[in-house]
Amino acid sequence: MTVTGDGRNTATSPLAASAGLTDDDLLAMYRTVLLSRAIDERMWVLNRAGKAPFVISGQGHEGAQVGLAWPLRRGYDWIAPFYRSITTCLAFGMTARDLMLAQFAKASDVSSGGRQMPGHYGSMERHIVSVSSPVATQILHAVGIALASRIKGEDAVSVAIMGEGSSNQGDVHEGLNFAAIHRLPFILVIENNGYAISVPAEKELSVKDVASRASGYGVPGVIVDGTDVLACYRAGRDAVERARSGGGPTLIEAKVTRLTAHSSDDQQTKYRSEDDLAQGRAHDPLPIFREQLRDAGVLTDELEASMADEIRSIVEDATTFAEGEPDAEPSTALDHVYGDATGAEPAPPWHPSAGARSEGPAA
Amino acid sequence: MTVTGDGRNTATSPLAASAGLTDDDLLAMYRTVLLSRAIDERMWVLNRAGKAPFVISGQGHEGAQVGLAWPLRRGYDWIAPFYRSITTCLAFGMTARDLMLAQFAKASDVSSGGRQMPGHYGSMERHIVSVSSPVATQILHAVGIALASRIKGEDAVSVAIMGEGSSNQGDVHEGLNFAAIHRLPFILVIENNGYAISVPAEKELSVKDVASRASGYGVPGVIVDGTDVLACYRAGRDAVERARSGGGPTLIEAKVTRLTAHSSDDQQTKYRSEDDLAQGRAHDPLPIFREQLRDAGVLTDELEASMADEIRSIVEDATTFAEGEPDAEPSTALDHVYGDATGAEPAPPWHPSAGARSEGPAA
Amino acid sequence: MTTRTLIEAIRDGLSEEMRRDPTVVVMGEDVGKKGGVFLATDGLWAEFGDNRVIDTPLTESMIVGTSIGAALNGLRPVAEIQFADFIHPAFNQIVSEAARLRYRTQGGFAVPMVIRAPYGGGVHGALYHSQSVEAFFTHVPGLKVVVPSTPYDAKGLLRSSIRDDDPVLFFEHKRMYRSVRGDVPDGEYTVPLGRAAIRRQGRQVTLVAYGLMVAFGLEAAEQVAGEGIDVEVVDLRSLRPLDRETLLGSVRKTGKCLVAYEDNRFGGYGAEIAAIVAEEAFDFLDGPVSRIAGPDVPAMPYNHVLEDWFMLSPAKIADAIRRLAAY
Amino acid sequence: MTTRTLIEAIRDGLSEEMRRDPTVVVMGEDVGKKGGVFLATDGLWAEFGDNRVIDTPLTESMIVGTSIGAALNGLRPVAEIQFADFIHPAFNQIVSEAARLRYRTQGGFAVPMVIRAPYGGGVHGALYHSQSVEAFFTHVPGLKVVVPSTPYDAKGLLRSSIRDDDPVLFFEHKRMYRSVRGDVPDGEYTVPLGRAAIRRQGRQVTLVAYGLMVAFGLEAAEQVAGEGIDVEVVDLRSLRPLDRETLLGSVRKTGKCLVAYEDNRFGGYGAEIAAIVAEEAFDFLDGPVSRIAGPDVPAMPYNHVLEDWFMLSPAKIADAIRRLAAY
Ligand SMILES: Cc1ncc(C[n+]2csc(CCOP(=O)(O)OP(=O)(O)O)c2C)c(N)n1
Ligand SMILES: Cc1ncc(C[n+]2csc(CCOP(=O)(O)OP(=O)(O)O)c2C)c(N)n1
Ligand SMILES: [Mg+2]
Ligand SMILES: [Mg+2]
């Protein structure tokens, strides 16, 4: 079973029909959420076991991510995600092994060869713009990608994704303004989890809804409940259609919850009350989506069991595989500063390949 | 006669009463506009005569500037203006001599001692934040000033002023967000003249009205006609009252026209049609304000004649005075890098005071 | 005297200055309830409240720009940039505004503010949580740049920075936060900006360093001492203003100078030190002014093997000392 | 061969590359109808239209950030920053993103783009229309930095920069735009990045320069030639990558090195050149590696007396040559 929505001919429950999808689509989406959660939880286990110094994850964001990513054409449209975009990246074609290789920062990590922190996914082939740590920069990359699509006469859609805290950065203003002026095929997705690390939304965002900023750029602003996967799907689909057909950008705000600490370096109990945390857990998209699919008769006990088995083995495989992969050789550390070697400065004296050219005094 | 609105007891026409002002206030405002225009025109004359290599001016913006600055408490409230704020600065206490000294870049120029380009006014004493060239940075200074007023328990209001093109800079987003979160006593004034140098508003701004961005920060957005001085005054007064009483920021957009080229380095006929230029001239605030005051019986032939005389002599005096002032001594060029001299690096070998400490090889 | 870690000394310095001077305020991301991601401001919010310890939105240009404004209006803001790597969005405000307000107004405006930022690598921080950014700012007249290497200095220099009437960038090596301990006097003291410290006397080679490289340099000096190489270690502490006298005095004595810095080599701060020494101590040199620095790649990789490859170490510095001493 | 000013050569280079390669697009403030505030892009909008010559909003971070995105999606953007002084709002996008995308993805992503910016003083531009900003970028691995000093080079280097697969900062001295003329071949040619040019052969002193300082340096060399001082003038052209061979070869021959740069001295680009020469040509030096540079004040004042004081000149450079030659 592959994580796809490319329309195999199957049953269509009223629930699926309501979104113009098949039951298989719904199951594939659900499976993506499950897989994402399982990988994510495993990362924390590895962290506690001392095998991975850093974790940053998307728990609580999965429903919005899967719904919003689903309408995109994989490898054709573009996404510029952020460090919580684990479900988005899975939905856009990354594999469990890809993610685990990033988690272990191995040489074969497709995102960065172990150079970036975990969670900083990227793949040119898949049209996933490499995540960097300074927040919000990616909005401009996505807008530039959309501009290039327009200039080249292609109809690819470009999506930037970030948190509500990040949406206050200046680049967001500049990017929305430019995308709106040129009605570019661009979508900005804000995953609003109410916190920027410890700072609650009231102190980082002057309005309740980021979406209410859209009108200031002359673009539609849409709010969706991140636990309502199909609502997210529909919002994403409408925005993609608008963008692809020349209708310009959309800002979509998904209200989500952050189920974990900000990262493995954070202790959220210091700044969040038990009440607040409990409220967050009540908005976990996974059980909500599960119940919805069960109620609709799309998800059965049997399917659940087989999915659980499958996912367990995928995560197991990915972990074992990634852990067993080699670290990068120090001799490669100088590679890829420039496209051609002529741009490079001399290697430091301790570099495996150094010596030919001395870095020390020409004694 | 001083440029003030501090309420000497005089006649109150219905027009003045409609704004809660006296006739003397209206005349003082008109006189400020006249003086500003006269200084501004003289600057261009000096430029064409080869006496001033650079001019940037506020012609067409004067009505909005005088109306919006009038409700502020001079030397108590703060303004962070821009390079077209000549009328604003006059209304906030700068003199014709001050402006001409900046135009000639003389040592006694209060704004910068001739260090900055003309038009970059500033005075700590008068609470006019020094204008710098990179646009929009001043919004954050004004917001920080408002924050400090709040923390210190003072009720001073802080106003940032810029063009519509500059309002697209990231700093504006970040500043409005922060000011709105803390409901700071802050006002953002946008003087929208429809161009950022040669780029027309449709290509630099994704919405027709900058004011429509205000709601995205949860603050009131107000549009005023920059040729309607009293409407500007009322908008400014309401915003000042709101800010001073804890009601938070306001964004005011004044629709103005740029009567001159962007600066003395620009040729606007290359990118503006004769039609567009004619439309601009039809929105010159000076004759419109003049007619309004004449219609209201506030401005008489006699008053006009005496004002014209007075202003001619002020401009004459300022020009002669400033032109006669000395340039700065090169020996002062190293001053004021730091508050204490210990921070400074050695002087270059050609500096008048150098030599004690050689900069060349210790031969 | 009390023993303090580097970060405790910083926290003490902050809270004592805030008690002393009501115009000192702290602003930054997560500096409030959370006490900062490294806990440098832990406890300040509880003591000084919302008005003086301000959790800001995630917007660095705003943090610096409003601090400038607040400084113009009578406060002494201490802004925290969560990681030095994230100071770049504020570059324009720092370089175009904070550094220039005094000069462009002939002294009419002053910007007394401090920007604190944790910098440096060796903490599995990868490209964007490991950078040394001092060279971007030491180049800028109007700014002061300080890098402490001991708890004593951290507190004393922070005090001086807060009291200084000009903008000071205060960079704290995050690998030293908890690993470095030292004695700190109980009473009030300051360490003046613009004075280097000789951490180890020596006759043969001058090693110039700051921040974590001072600690590594002292270890390296010990390593080579057994081989008969006598190293003098100069801790610059204040990168701008620079203490030329101490620097040049040491090199004129030893005749050999090695500059160690963690940042990538090309155009790093150590280039200026090397250039000054090469020009002003030429007659005293009996070996080339040498540099040992980070490799010229765009910041530090995450994987520990690659990170180790990138980072300087006492051993790498010792090697460079040996090469220079043998010259 | 045709005689061209520096800015004409740049305009020719741009339009010829745009004709040759449909993926080349130009973006920036006022680059369209107005043709740029210096007219570097004059005529391009008329020839190539809205789709390839884009008048942007007044937002530098956006100009650079969207150029990065466009480069990822198959274009070769040539972004214009109206004045180098206004590049600072884009600092984060340049340093954190453009410079690092390739490295952080192990070569998976490339950013072929050029950022053109007029720099330099002596044009009554005051603090914010006169800056030299190259040192901020030459320090950053992943970036290339080019400064032409002749119309021939301007066109040939611009062509190479546009065809390069990495981000190139291309700084044009605005005082040279119309004052410098030179022969430019009619056919297609390129000047490779990373190669310096010896503009004048000499035996006694090597003068290292770039941009306007090359012209000033050549004048200075003529001035002192009459006094019997024989100066070799090295025009670096490409500041990163740096042509070490030509640089060191010249200094090893002359034994004396003077670096001239217009930017303020402390931490400027010339510091790196001095440091390299001091370390790698030590045995050949018979005088201190010297620098002549702008004063350490926050950029150039406007008033002409103060501006003259700030700017280097052939006379000031000649003085420095004399001091070094007499050593
Ligand atoms: C420019 C910049 N400043 C600071 C940080 C440190 N930082 C990382 S994530 C984060 C909070 C982000 O909050 P939000 O955008 O709401 O996303 P969330 O983590 O809540 O999903 C901060 C402050 C950063 N990565 N980049
Ligand atoms: C950061 C920055 N980029 C570019 C410039 C060059 N520049 C000066 S004024 C201007 C246009 C400003 O337009 P607007 O804000 O609408 O004000 P106006 O001049 O129309 O009053 C530009 C591009 C600058 N000063 N600062
Ligand atoms: Mg959040
Ligand atoms: Mg305008």
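Keep in mind that this is a model prediction, so the values were computed, not measured. Reminder, nothing fancy here: chain letters follow the sequence lines and each chain counts from 1.
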key: Residue among C/Thr59, C/Leu101, C/Leu242, C/Val64 with most heavy-atom pairs under 4.5 Å to chain B   = C/Thr59
inquiry  = Any side-chain to backbone donor/acceptor pair from C/Gln106 onto B/His336? Under 3.5 Å, distance only.
reply    = no
ask   = Checking side chain to side chain contact (heavy atoms under 4.5 Å, CB included) for the pair B/Asn177/C/Met62: CA distance, chi angles, key distance, verdict?
value = CA-CA 9 Å; B/Asn177 183 51; C/Met62 185 285 292; over 6 Å; no
ask   = Short question: side chain of B/Arg115, backbone of C/Thr105 - any donor-acceptor pair under 3.5 Å?
value = no
query = Is it the side chain or the backbone of C/Arg240 that comes within 4.5 Å of chain B heavy atoms, both, or neither?
reply = side chain
inquiry  = As a test of understanding, state which of B/Ser112, B/Ser130, B/Ser133 forms a side chain to side chain donor-acceptor pair (under 3.5 Å) with C/Arg104.
reply    = B/Ser130
request  = Specify which of B/Thr332, B/Asp109, B/Ile145, B/Val143 makes the most heavy-atom pairs with chain C at under 4.5 Å.
outcome  = B/Ile145
key: Shortest non-hydrogen separation from C/Gly65 to B/His141 and the atoms involved   = O-CD2, 3.5 Å
key: Distance-only polar pair, side chains of B/Thr137 and C/Asn92, donor-acceptor under 3.5 Å   = no
ask   = Between B/Gly175, B/Ala328, B/Ala179, B/Ser111, which has the largest tally of heavy atom pairs under 4.5 Å with chain C?
value = B/Ser111
request  = Tell me, for B/Ile151 versus chain C, whether the close heavy atoms (under 4.5 Å) come from the side chain, the backbone, both or neither.
outcome  = both
message = A quick test of your reading: do over 12 heavy atoms of other residues, nucleotides or ligands sit less than 6.0 Å from CZ of B/Arg183?
response = no
message = Please classify the contact of B/Ile181 with chain C as side chain, backbone, both or neither, using a heavy-atom distance under 4.5 Å.
response = side chain
inquiry  = Between B/Tyr338 and C/Asp165 (side chain of the first, backbone of the second, donor and acceptor by atom type, cut-off under 3.5 Å), is there such a pair?
reply    = no
message = At under 4.5 Å between heavy atoms, what parts of residues 21-30 of chain C are in contact with chain B? List them by residue number.
response = C/Val25, C/Met27
message = So, taking the atom named CG in B/Leu334 and the one named OH in C/Tyr103, what distance separates them when rounded to the nearest 0.5 Å?
response = 7.0 Å
ask   = Ion pair present between C/Lys144 and B/Asp340, side-chain N to carboxylate O less than 4.0 angstrom?
value = yes
message = Would you say that more than 12 heavy atoms from the other residues, nucleotides or ligands in this model lie under 6.0 Å from the CZ of C/Arg163, or not?
response = yes
ask   = Taking B/Ala156, B/Ala80, B/Ser132, B/Gly122 one by one, which has the highest count of heavy-atom pairs under 4.5 Å against chain C?
value = B/Ser132
task = Without swapping roles, check the side chain of B/Lys152 against the backbone of C/Leu75 for a donor-acceptor pair under 3.5 Å.
result = no
request  = Could you walk me through whether C/Ile54 and B/Phe178 pass side chain to side chain contact (heavy atoms under 4.5 Å, CB included), step by step?
outcome  = CA-CA 11 Å; C/Ile54 302 165; B/Phe178 186 71; 4.3 Å; yes
inquiry  = Run the side chain to side chain contact (heavy atoms under 4.5 Å, CB included) test on C/Glu60 and B/Glu174 for me, step by step, so that the C-alpha distance in whole Å, both residues' side-chain angles and the decisive distance to 0.1 Å come before the verdict.
reply    = CA-CA 9 Å; C/Glu60 287 78 11; B/Glu174 300 189 10; over 6 Å; no
remark   = Shortest non-hydrogen pair, B/Gly339 vs C/Asp166, comes out as N-OD2, 2.6 Å
ask   = Which atom pair, heavy atoms only, marks the closest approach of B/Met124 to C/Leu72?
value = CE-O, 3.5 Å
request  = Please look at B/Val172 and chain C and tell me whether the side chain, the backbone, both or neither of the residue comes under 4.5 angstrom of a heavy atom of that chain.
outcome  = neither
inquiry  = Taking side chain as everything from C-beta outward and backbone as N, CA, C, O, which of these in C/Val111 sits under 4.5 Å from a heavy atom of chain B? Side chain, backbone, both or neither.
reply    = neither
Derivation and outcome, side chain to side chain contact (heavy atoms under 4.5 Å, CB included), residues B/Val337 and C/Arg102 = CA-CA 7 Å; B/Val337 178; C/Arg102 183 188 290 281; over 6 Å; no
Per-residue contact mode, B/Ala102 against chain C (heavy atom under 4.5 angstrom) = neither
query = Between C/Pro57, C/Gly142, C/Gly194, C/Pro241, which shows the greatest number of heavy-atom pairs under 4.5 Å with chain B?
reply = C/Gly142
Part of C/Ser61 within contact of chain B (heavy atom distance under 4.5 Å) = both
message = Does any backbone or side-chain atom of B/Ser149 lie under 4.5 Å from a heavy atom of chain C? Answer side chain, backbone, both or neither.
response = both
